[in-house]
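Structure first, then comments.
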Amino acid sequence: MKSIVSIILISLISMLVFNVGIIVSGQTCPDDNNPCTVAYNFYGSCFNVVDQWVDCESTNEYKQCVSNCKQSPSFSPCASVSCNFETFACEYGRHWNGCDDLNKCTIDSCNSTSGCIHTPVNCNDNNNATIDNCLQTFGCSYTVNPLINGVTSCSTNANCNDNRACTTDVCSNGKCQYTLNCASGYACSSNGQCYIVPQPTN
């Protein structure tokens with residue numbers, strides 16, 4: 001029982017030392033002027049660790065650090081850039097990885113002079129039977145063009161088959177009728193199949 005109590009006490013003391021910054025040896029650690037860290041003295045040695053209670057990226061110091069990093073010769077206009085929370089050292093991502101705008105309706109590329117380029121995706125399927133759209137989290141999607149309903153003559157449903165699984169093709173009163181059959185939350189892709197539309201990420 002005593003050993004369990006001892007373990008609990010040691011754990012509590014450690015939490016206080018590492019997260020709150022209790023002075024163990026009686027000495028005060030110098031301020032490193034970093035709003036993202038908290039200083040603590042552990043038996044005569046000073047340490048600065050990231051303060052989990054601070055939103056570092058929202059501080060003026062962090063924003064200024066990122067701004068300074070973008071002026072460095074090491075910076076590429078297409079690279080992601082951030083600062084280390086503890087040291088405020090510049091950290092650069094892969095060359096054009098920073099150009100990803102998380103938009104399926106653009107093609108992302110990098111120009112070494114002007115920076116990121118986001119070219120709109122061409123969703124035109126050259127099919128008058130569809131209306132071409134683009135969803136940010138999905139890409140090109142297609143719905144039935146209502147103008148084609150009642151145009152084509154037919155005697156059976158087979159005469160109206162457009163070979164697209166995402167449409168229901170019916171011969172009604174001698175004329176073809178088409179409706180989109182994708183369930184809610186799904187969209188029709190360029191191959192005529194219904195796929196779920198991903199939800200945007202924060």
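Keep in mind that this is a model prediction, so the values were computed, not measured.
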Passing option when Asn103 is tested against Ile107, Asp100, Asp101 for side chain to side chain contact (heavy atoms under 4.5 Å, CB included):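 That would be Asp101.
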Indicate if [X] and [Y] have the same hydrophobic cluster label, given that clusters are the connected sets of ILVMFWY residues with side-chain heavy-atom separations under 4.5 angstrom.
X      : Y      : result
Leu135 : Tyr195 : yes
Ile131 : Leu180 : no
Phe138 : Tyr142 : no

Working for disulfide (SG to SG under 2.5 Å), residues Cys110 and Cys78: CA-CA 6 Å; Cys110 174; Cys78 300; 1.9 Å; yes
Donor-acceptor under 3.5 Å ([X] side chain, [Y] main chain):
X      : Y      : value
Thr130 : Asp132 : no
Asn84  : Ala89  : no
Asp169 : Asp162 : yes
Tyr62  : Cys83  : yes
Asn145 : Ile148 : no
Asn159 : Thr156 : yes
Thr106 : Asp108 : no
Asn157 : Cys171 : yes
Tyr92  : Cys69  : yes

Are a donor atom and an acceptor atom from the side chains of Asn68 and Gln64 found within less than 3.5 Å of each other?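 The answer is yes; a qualifying pair exists.
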Can you find a side-chain donor-acceptor pair between Thr179 and Asn181 that sits under 3.5 Å? no
Testing the basics here: between [X] and [Y], what is the closest heavy-atom pair and its distance to 0.1 Å?
X      : Y      : result
Tyr186 : Val197 : C-CG2, 3.9 Å
Asp55  : Ser58  : OD2-OG, 2.6 Å
Cys188 : Arg164 : SG-NH2, 3.4 Å
Lys104 : Thr137 : CG-C, 3.6 Å
Ser109 : Cys99  : O-SG, 3.6 Å
Cys36  : Phe85  : CB-O, 3.6 Å

Begin from the C-alpha positions of Phe88 and Asn34 and carry the test side-chain contact (heavy atoms from CB on, under 4.5 Å) through to its verdict. CA-CA 8 Å; Phe88 274 1; Asn34 184 342; 3.6 Å; yes
Would you check, one step at a time, whether the test side chain to side chain donor-acceptor pair (under 3.5 Å) holds for Lys175 with Ser153? CA-CA 5 Å; Lys175 296 292 183 179; Ser153 298; 3.1 Å; yes
Once you round to the nearest 0.5 Å, how far does SG of Cys65 lie from CD of Glu91? 9.0 Å
Rounded to the nearest 0.5 angstrom, the SG-CG distance for Cys176 and Asn149 is 9.0 Å
Under-2.5 Å SG separation for cysteines Cys182, Cys194: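 Yes.
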Please name the residue in the list Asp51, Thr87, Asp32 that meets the side chain to side chain donor-acceptor pair (under 3.5 Å) test with Thr37.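 So, applying the side chain to side chain donor-acceptor pair (under 3.5 Å) to Thr37 and each of Asp51, Thr87, Asp32, only Asp32 qualifies.
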Show your working on side-chain contact (heavy atoms from CB on, under 4.5 Å) between Glu57 and Thr59 and close with a plain yes or no. CA-CA 6 Å; Glu57 294 181 354; Thr59 64; over 6 Å; no
Asn173, CG atom: more than 12 neighbouring heavy atoms under 6.0 Å: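 Open: at most 12 neighbouring heavy atoms sit under 6.0 Å from CG of Asn173.
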Would you say Asn124 has more than 12 foreign heavy atoms packed within less than 6.0 Å of its CG? yes
Quickly, which of Cys123, Cys134, Cys140 forms a disulfide bond (SG atoms under 2.5 Å apart) with Cys105? Name it, please. Cys134
Note, Phe75 side chain near Val81 side chain (heavy atom, < 4.5 Å): yes
